[in-house]
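In what follows, chains are A, B, ... by sequence order, proteins preceding strands, each numbered from 1.
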Number of protein chains: 2
Amino acid sequence: MNHYPDPIVKLIHSLSKLPGIGKKTAERLALHILHAPDQDAAVLAADILDLKTSVRLCETCFALSDKEQCRICSDPARDPSIICVVENPTDMAAIEKSNSFSGTYHILGGALSPIDGVGPGDIRLMELFKRAALDQTKEIIIATKTNVEGEATASYIVDKLKEIPVTITRIASGIPMGGDLQYIDTLTMQKAMEKRYGF
Amino acid sequence: MNHYPDPIVKLIHSLSKLPGIGKKTAERLALHILHAPDQDAAVLAADILDLKTSVRLCETCFALSDKEQCRICSDPARDPSIICVVENPTDMAAIEKSNSFSGTYHILGGALSPIDGVGPGDIRLMELFKRAALDQTKEIIIATKTNVEGEATASYIVDKLKEIPVTITRIASGIPMGGDLQYIDTLTMQKAMEKRYGF
């Protein structure tokens, strides 16, 4: 990389710290930025700085936000009586993209994982239990991942909320739409059979 | 993408303008930057701006540089009597990485391509001919690409320099090292046979 002048080498180094960006890609990106309009580079740099200064967590649901309340929590069209619990903002974004939910969210910031030293105090469970205990709350939809940690987190939440008069549900697991049965793993197939429903 | 607050959406938009970075990758990078240390993001933004302000072209060879003379042209260990002609800085970087050349370079900034409207006046040929005519210049190595445009550019240079007492050479074409003959294209094979050498 030291076949380029220092400013290019430095940018290549900085870019290659990003996930999935190796030295080769960083070199290509840096040379692109070098030849791109000054305005584009200035905007990119400003956007990076702006992101770090202006993004915070929603005080209610802990989603990424640029205000005290996120776009969803402050939207009167969203139903605050239904709370969908997810592990992180990307899971929330995936549900939002599906346009299948009009309630609000609660972002845990992870899942229980004793092996990795993540206990109930390390994710936002207390905050969830407080929201679940509010009079307005009618349903908690648990949309943690369907792996071991996500299932353990779901069980923990169900156990802790059993005294509270709130409906608790779990998003469905099964064969993905368009999925070929031949390539489905055993666990998913077992779940799909177990959760089969009538017409 | 509008499931994220504005600063994230803006950065995703800026990042997805980079080559090979789609919406999905831009989203992943933006979220990485969001969670990366403030210092890293600040350095990345500063490097982008610094690149645009401090990189210019070497006055002698037109390589990317942060000074009037690039690292190579100002290095007394490099032989200025041998000039390697390349199309662009990445080609030069490829040769430098190979550690096989101790002379200097001349970056044309492209190759002749009448179809794309690139004529002799559009790349740095006049500057090359001036350098070739200097007393100190002994050899011009033409390392343009081995495609139609690169070969045409090489022929043009050879033709224009035939009156000047300078040795003109072309980098060798042939089977790549470790290349399986079975998968070599016909043109490369023809070139490899034509340019065969004795021991």
**Atom CG of B:Asp135: over 12 foreign heavy atoms under 6.0 Å** = no
**Message:** Please determine whether the number of non-hydrogen atoms from other residues, nucleotides or ligands lying under 6.0 Å from atom NZ of B:Lys145 exceeds 12.
**Reply:** yes
**Prompt:** Checking B:Thr90 against chain A: side chain, backbone, both or neither under 4.5 Å from a heavy atom?
**Reply:** both
**Prompt:** Under a 4.5 Å heavy-atom cut-off, does chain A meet the side chain of B:Ile21, its backbone, both or neither?
**Reply:** side chain
**Request:** With the side chain counted from C-beta on, respond yes when A:Asn88 and A:Asp91 share a heavy-atom pair under 4.5 Å apart, and no when they do not.
**Result:** yes
**Asked** Tell me, do B:Ile140 and B:Thr169 make a side-chain contact under 4.5 Å, heavy atoms counted?
**Response** no
Chain A contacts, top residue of [options] (heavy-atom pairs, under 4.5 Å):
| options | result |
| --- | --- |
| B:Leu11, B:Asp6, B:Leu29, B:Asp40 | B:Leu11 |
| B:Glu96, B:Lys10, B:Lys52 | B:Lys52 |
| B:Asp38, B:Leu15, B:Ile72 | B:Asp38 |

Hey, is [X] close enough to [Y] for a salt bridge, meaning N to O under 4.0 Å?
| X | Y | answer |
| --- | --- | --- |
| B:Arg56 | B:Asp66 | no |
| A:Glu59 | A:Arg124 | no |
| B:Glu139 | B:Arg131 | no |

**Request:** Select, from A:Asp50, A:Val43, A:Ile33, the one with the greatest count of heavy-atom pairs under 4.5 Å involving chain B.
**Result:** A:Ile33
**Prompt:** Counting heavy-atom pairs under 4.5 Å to chain B, which of A:Pro89, A:Ala41, A:Pro7, A:Ala46 comes out on top?
**Reply:** A:Pro7
**Message:** Please classify the contact of A:Leu31 with chain B as side chain, backbone, both or neither, using a heavy-atom distance under 4.5 Å.
**Reply:** side chain
**Contacting moiety of A:Thr53, where chain B heavy atoms sit under 4.5 Å** = neither
